[in-house]
Amino acid sequence: MRLNTPSVSSRRARRARLVPLLLSLAVSQAFADVTVTGNPGTPGTHGAVPGAAGTAGGAGESAVAASGPNASNSNAATANGGSGGGGGFGAAGNSGQNGGAAGAGGIGGNAGATAGSNPATGAAAASATA
């Protein structure tokens, strides 16, 4: 009587087919937490000659963050617009002359964030944009 026992190679073959399935299950439950920050604006230049005003700072860079959609219930997206550049200093005036005015600071960058999820069938799905 001869018993049929699986060979080592057939066990390896079954494991090789099972690994992609297990990895796909693990990846599908991953969550995304995304944060994006824009670069700051360039600073204004200082007054170059006596009594000259400083120039305005540059605008901050815009930022857009997007998270998902995936099968997770806990996606997060945060966007922070870059800060505006500082205004340049006004130059001191000569004797009897007023100093130059400081430049205005630059405006901050815009920010937009979107987080969404597409969970398994029958579960609640949500999307939010700010």
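Heavy atoms only, all atoms of each residue included: Ala63 and Gly38 are closest at CB-N, 3.6 Å. Ala91 approaches Val49 most closely through the heavy-atom pair CB-O, 3.1 Å. Ala79 and Gly112 get closest at one heavy-atom pair: CB-O, 3.2 Å.
Annotation for Asn98: atom CG does not count as buried by contact number, only 12 or fewer foreign heavy atoms lying within 6.0 Å.
With hydrogens and angles disregarded, no donor-acceptor distance shorter than 3.5 Å links the side chain of Ser62 to the backbone of Gly109. A donor-acceptor pair under 3.5 Å is absent between the side-chain atoms of His46 and the main chain of Gly88, judged by distance alone. At least one donor-acceptor pair under 3.5 Å links the side chain of Glu61 to the backbone N or O of Asn39.
With sequence neighbours left out, Asn80 forms a side-chain contact (heavy atoms from CB on, under 4.5 Å) with Thr35, Thr37, Thr78.
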